[in-house]
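Comments concern the structure below.
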Amino acid sequence: MDLLNSVLNWVVPPASLVMMAFAWPALTFISGCEWLYNTFNSEPMEDKVVIITGASSGIGEQIAYEYAKRRAKLVLVARRENRLRLISENARHMGAKHVMIVAADVVKEEECRRFVNETINFYGRVDHLVNTVSLGHTFYFEEVTDTTVFPHLLDINFWGNVYPTYVALPHLRQTNGKIIVNASVESWLPLPRMSLYAAAKAALVNFYETLRLEVDHEIGITIATHGWIGSEMTRGKFMVEEGAEMQWKEEREVNVTGGLVEDFARLIVAGACRGDAYVKYPSWYDIFLLYQVFAPKVLNWTFRLILPTHGGRRTSLVGTGRPISEGYGRPSLEGMPPRKLPSTFAPQQLKME
């Protein structure tokens with residue numbers, strides 16, 4: 001058996017590359033024809049019911065507006081009810097047939113069951129479930145001195161998507177509905193200061209890839225991955241528990257630019273209505289996937305050259321043991337009072353949508 005594996009190790013990779021090279025033009029042509037067909041036969045969303053989690057800001061908010069333009073009926077879910085009220089008014093003006101808002105925490109199964117049941121009781125159906133909740137970070141793993149932030153990150157990025165899916169799945173089967181997931185290129189592209197976020201997104205993508213096989217063709221699943229985009233994370237905003245919002249007033253140490261959230265949201269909704277399995281923004285990131293699979297050392301060397309290394313300067317205070325007021329002043333608080341966080345947890349540049 002060892003001899004067989006040794007032979008296959010040498011034969012299979014180059015043979016597969018040669019086959020892919022010859023098949024690539026045909027596959028590209030077939031994919032293009034399929035895209036054109038699905039575009040002209042895109043699912044009409046008028047009077048369809050769409051649940052959007054994490055709808056109070058960022059990608060979730062813009063996705064709500066895109067569905068509103070298609071005259072869908074919306075259920076907007078997030079912890080900030082005051083923000084949801086404003087977004088619901090905007091969505092109505094953009095064409096939404098009806099908008100329901102539900103304040104809920106998606107990391108709690110009972111609350112997910114509550115907003116799904118409220119949707120079914122009011123509308124009688126669910127056609128699309130859009131999971132956009134996400135919590136990012138920019139700290140080096142070895143800087144963390146308080147690990148209580150770890151489950152918080154994993155809960156939101158993983159269970160905050162899984163629980164709504166679990167509860168809504170039986171209802172989506174009845175309508176041959178769709179699940180849309182907000183993932184990230186970090187699920188397979190290694191970047192420094194994003195270790196836990198990347199791990200959670202990788203788990204999320206693998207969960208939905210497996211679920212795609214389990215539900216077969218009864219439920220469509222669209223996995224959307226993005227690189228840097230101009231969302232609240234790149235503007236220094238983050239969320240803590242119980243709906244309170246905190247925002248640092250100082251400028252970012254590193255100016256990060258990215259694509260527009262509106263563009264990404266438009267691509268997601270269009271792709272979901274076409275029934276696309278994947279939506280990527282920007283698509284040129286795919287070239288890194290080839291290097292990751294076939295030449296990981298080259299990718300690693302490239303990143304070491306172009307990305308900042310972990311030297312003496314720290315670029316984030318998250319969990320480093322430094323008090324949040326040190327050198328920055330006090331952050332502003334809005335909304336409900338947050339659950340008390342450990343004194344060593346300075347949640348700078350965490351984002352939840």
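Quick caveat, the model's predicted, so the values are computed rather than measured.
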Would you mind reporting whether [Y] and [X] have side-chain heavy atoms less than 4.5 Å apart?
| X | Y | answer |
| --- | --- | --- |
| Ile59 | His226 | yes |
| Val50 | Val130 | yes |
| Val133 | Asn161 | yes |
| Ser195 | Tyr140 | no |
| Glu66 | Met94 | no |
| Ile179 | Leu172 | yes |
| Ile180 | His128 | yes |
| Leu211 | Ile221 | yes |

Can you tell me if [X] uses its side chain to pair, donor with acceptor, with the backbone of [Y] under 3.5 Å?
| X | Y | value |
| --- | --- | --- |
| Asn157 | Ser134 | no |
| Asp276 | Ala272 | no |
| Asn176 | Glu218 | yes |
| Ser88 | Arg85 | yes |
| Thr132 | Gly54 | yes |

Is the closest basic N to carboxylate O distance between [X] and [Y] below 4.0 Å?
| X | Y | value |
| --- | --- | --- |
| Glu46 | Arg70 | no |
| Arg274 | Glu43 | no |
| Arg113 | Glu110 | no |

Rounded at 0.5 Å granularity, tell me how far [atom1] in [X] sits from [atom2] in [Y].
| X | Y | atom1 | atom2 | answer |
| --- | --- | --- | --- | --- |
| Phe207 | Arg212 | CZ | CZ | 12.0 Å |
| His152 | Leu135 | NE2 | CG | 5.0 Å |
| Thr138 | Met194 | OG1 | CE | 7.5 Å |
| Ile219 | Glu214 | CD1 | CD | 10.5 Å |
| Cys273 | Ile268 | SG | CD1 | 11.5 Å |
| Asp127 | Tyr67 | CG | OH | 9.5 Å |

Locate the shortest heavy-atom distance separating [X] from [Y]; write the atom from each residue and the value.
| X | Y | result |
| --- | --- | --- |
| Ile87 | Ala55 | CD1-O, 3.1 Å |
| Ala78 | Leu84 | N-CD1, 3.6 Å |
| Ala200 | Phe158 | O-CD1, 4.3 Å |
| Leu260 | Tyr281 | N-OH, 3.6 Å |
| Thr222 | Gly271 | OG1-O, 4.3 Å |
| Tyr163 | Val107 | CE1-O, 3.4 Å |

Requested in this report: Check the pair Val99, Leu76 against side chain to side chain contact (heavy atoms under 4.5 Å, CB included), reporting the backbone distance first and the verdict last.
Outcome: CA-CA 7 Å; Val99 183; Leu76 307 181; 3.8 Å; yes
Report summary line: Only one of Lys73, Glu118, His98 passes side-chain hydrogen bond (donor to acceptor under 3.5 Å, both in side chains) with Tyr123, and that residue is His98
Requested in this report: Determine, stepwise, if the pair Asp47 / Arg71 fulfils side chain to side chain contact (heavy atoms under 4.5 Å, CB included).
Outcome: CA-CA 7 Å; Asp47 291 323; Arg71 302 184 61 78; over 6 Å; no
Query raised in the report: Would Ile63 and Phe264 count as a side chain to side chain contact (heavy atoms under 4.5 Å, CB included) if you check the C-alpha gap in whole Å, the side-chain angles of each, and the deciding distance to 0.1 Å?
Result: CA-CA 9 Å; Ile63 286 177; Phe264 184 48; over 6 Å; no
Strictly by modelled atom types, are [X] and [Y] linked by a side-chain donor-acceptor pair under 3.5 Å?
| X | Y | value |
| --- | --- | --- |
| Asn131 | Tyr208 | yes |
| Ser56 | Arg80 | yes |
| Tyr65 | Asn90 | yes |
| Lys201 | Thr225 | no |

Requested in this report: Identify, with sequence neighbours excluded, every residue that meets side-chain hydrogen bond (donor to acceptor under 3.5 Å, both in side chains) alongside Ser184.
Outcome: Glu186
Decide whether [X] and [Y] are clustered together by the hydrophobic rule: side chain heavy atoms of Ile, Leu, Val, Met, Phe, Trp, Tyr closer than 4.5 Å, transitively.
| X | Y | result |
| --- | --- | --- |
| Val215 | Val126 | yes |
| Tyr278 | Val205 | yes |
| Val167 | Phe122 | yes |
| Val298 | Leu189 | yes |

Query raised in the report: Between His171 and Val116, is a side chain to side chain contact (heavy atoms under 4.5 Å, CB included) present by the stated rule, with each step listed?
Result: CA-CA 9 Å; His171 306 289; Val116 170; 3.7 Å; yes
Query raised in the report: Between Phe141 and Phe150, does a ring pair (Phe, Tyr, Trp, His ring centres under 6.0 Å) hold up when you go through it step by step?
Result: CA-CA 10 Å; Phe141 184 73; Phe150 291 175; 5.5 Å; yes
